[in-house]
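Here is the structure we will look at.
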Amino acid sequence: MGTTVDGRLPPGPRGHLLLGSIPEIRRDNVHAFLDIWRRYGDTVRLRGPMTLYLVAHPDGVKHVLQDNAANYPRPPAVRDRLQAIVGDGLVGAEGAAWVRSRRMAQPAFRRHHLDRFCALFAEATAEVLDTWERAAELGRPLDAEAEMVRVSLANLGASLFQADWRRDVERIAPAVTDILAFANSRLTSVVDTSRLPLPSTRRFHRRLELLDSILYPLIAERRRSQKERAQYQDHGIPEGDRVGRDGTARAPFGGDDLVSMLVDARDEDGARLTDKQVRDETISFFIAGHATIAAALTWTWYLLSTHPESWRRLRAEVDEVLGGRPPGAADLPRLRYAAMVVQEAMRLYPPVYLLLRRALADDEVGGYRIPAGADIAMCPYVTHRHPGFWDNPEGFDPERFAPELAGRRHRMAFFPFSGGPRRCIGEGFAQLQLPLVVAMVSQRYRLSLLPARPAEVGVAVTLRPRVPMLMRVERVA
């Protein structure tokens, strides 16, 4: 795929005289892209107030996200709207600022750190599942999405704040919900109204202020602990020898939570993140990590409810591997089918369903010319259904993700965590948490869709059910 300015433009629908394909896309985003791809092929030109190029073939996706990624940053409007929400954290940053943030945050997501989160995830998840006992006893249905939001927030709070999470998540949960709703409205609106003194804008800023009132004191506390630890180290005093004024042993400095790791992070020149940068990264993790985990889990339970044989196989694996005890990091390699179920759920219902980029210079994708300034859309919901790379692409078949088959698959035929330099830093975090939660839920309960009918797909910040996904919760032996 070499750069050229002489190629032909891709085919595409004419659409509305003035608005092009925008009405169809705004009405039903993913299905509009799916229908357009099936009619016009792997590279499609969509007309309208802005010209949009849909790239669906894995080769084209790889070219844009990886091989020629420097030519395809995110559109300025997307970047600016994200930065107003998450500041200069990884989700909103571009260029040198993104490189520095990625480099400093990366150590917190190394596997040996993530493994320590397993016990936190298991404890936080168990506390949510305990609250389902009453619903199971009364036969009262649960909203699967709402419950998975509770699980993901509990786990995110435990990993971000560790000892503080129970107190803080109760206040944070409604704030994050409102921030996500505002983010979705802002990112999908043709006109940016965020600077207008609307009630939604004022509510959004109040919610950000609430998060700041929790995060900045927490960061300050971690800074104090960091300084105290350094003083003890300078004097050669082991942490275990610390005692308070009453003569009792004191807790170790700092913690293994993500906020502590970000406070401790150093750049190549020894510089640390400022309090504002730690705050921005933390909010970025909330926005990127909470909604995506909840969406992946919600669709996993929908698919297991409508595919009872897969449920039975999952349940048998969990019984064999865990035998009724909580899962730990050492169990994850043996929870193989649980991981395959989650991956297949993310293939059919990828939480991040749309990636947007803008061409800085003329290029060629799929044999067609992409002019400088063009916006590029890549839709995992479409590419994950490409019959050239998936047999029975609409079917639910976790066996496609058997580890021995991974090497035979095109790298970008499955990209729920994006790809290239901007591949999601939290991928390992998700791959650790998702099978663990699936195993813990299936140990105690079976979730059955009410009524048992296909769910309608809606779009917000993530791919979610259009209407509440009510499920019956039953205890299992």
Side-chain angles (χ1 to χ4, degrees), residues 82-94 97-110 113-114 116-117 120-121 124 149 151-180 182-183 204-226 254-267 271-294 422 424-430 432-433 461-462:
L82 278 172
Q83 286 180 344
I85 298 166
V86 301
D88 294 322
L90 271 172
V91 171
E94 287 283 356
W98 176 84
V99 171
R100 181 175 187 269
S101 291
R102 177 85 180 206
R103 184 170 59 240
M104 295 188 72
Q106 189 69 56
F109 290 89
R110 289 178 181 151
H113 286 312
L114 294 177
R116 291 199 296 238
F117 292 149
L120 298 174
F121 292 156
V149 165
V151 168
S152 67
L153 267 179
N155 285 337
L156 191 59
S159 57
L160 282 171
F161 310 137
Q162 201 159 334
D164 313 89
W165 75 268
R166 289 177 183 84
R167 179 192 68 221
D168 292 326
V169 166
E170 291 298 322
R171 293 189 291 158
I172 286 171
V176 172
T177 299
D178 287 345
I179 288 170
L180 285 170
F182 182 85
F204 163 71
H205 286 295
R206 287 197 302 270
R207 292 309 201 183
L208 276 186
E209 288 169 1
L210 172 62
L211 289 187
D212 287 346
S213 73
I214 294 170
L215 290 175
Y216 278 118
L218 183 65
I219 293 166
E221 186 276 325
R222 299 298 193 263
R223 294 269 190 223
R224 287 193 296 271
S225 183
Q226 181 190 73
D256 292 332
D257 55 68
L258 286 172
V259 172
S260 295
M261 293 179 192
L262 290 170
V263 166
D264 287 341
R266 290 179 182 267
D267 204 349
R272 297 183 186 274
L273 294 172
T274 66
D275 287 0
K276 172 67 163 53
Q277 289 169 326
V278 174
R279 174 264 191 201
D280 289 351
E281 297 299 351
T282 304
I283 290 182
S284 291
F285 298 150
F286 266 121
I287 299 301
H290 150 58
T292 52
I293 293 290
R422 290 198 75 111
C424 178
I425 194 174
E427 179 177 357
F429 187 92
L432 185 81
Q433 183 182 167
V461 173
T462 56

Test item: [X] and [Y] side chains (from C-beta on) under 4.5 Å apart, heavy atoms:
X	Y	value
L160	L258	yes
D275	R223	yes
I425	L90	yes

What distance do [X] atom [atom1] and [Y] atom [atom2] have between them, rounded to the nearest 0.5 Å?
X	Y	atom1	atom2	result
F429	L156	CZ	CG	5.5 Å
R206	L208	CZ	CG	11.5 Å
F285	S159	CZ	OG	9.5 Å
D212	R279	CG	CZ	4.0 Å
F121	L432	CZ	CG	5.5 Å

Between [X] and [Y], which heavy-atom pair has the shortest distance, and what is it?
X	Y	value
L120	A158	CD1-O, 3.6 Å
A124	N155	CB-OD1, 3.3 Å
I283	L215	CG1-CD1, 3.7 Å
S152	Q433	CA-OE1, 4.1 Å
R102	C424	NH1-C, 4.1 Å
R207	A175	CD-CA, 3.7 Å

Should T282 and L218 be marked as a side-chain contact (heavy atoms from CB on, under 4.5 Å) after you check the CA-CA gap, both sets of side-chain angles, and the distance that decides it?
-> CA-CA 11 Å; T282 304; L218 183 65; over 6 Å; no

Is the shortest distance from a Lys or Arg side-chain nitrogen in D280 or K276 to a carboxylate oxygen in the other one below 4.0 Å?
->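 Yes, charged N to carboxylate O under 4.0 Å.
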
Is a side-chain donor or acceptor of S225 paired with a backbone partner of R222 at a separation under 3.5 angstrom?
-> no

Among R272, M104, R100, find the residue that satisfies the side-chain contact (heavy atoms from CB on, under 4.5 Å) test when tested with Q277.
-> R100

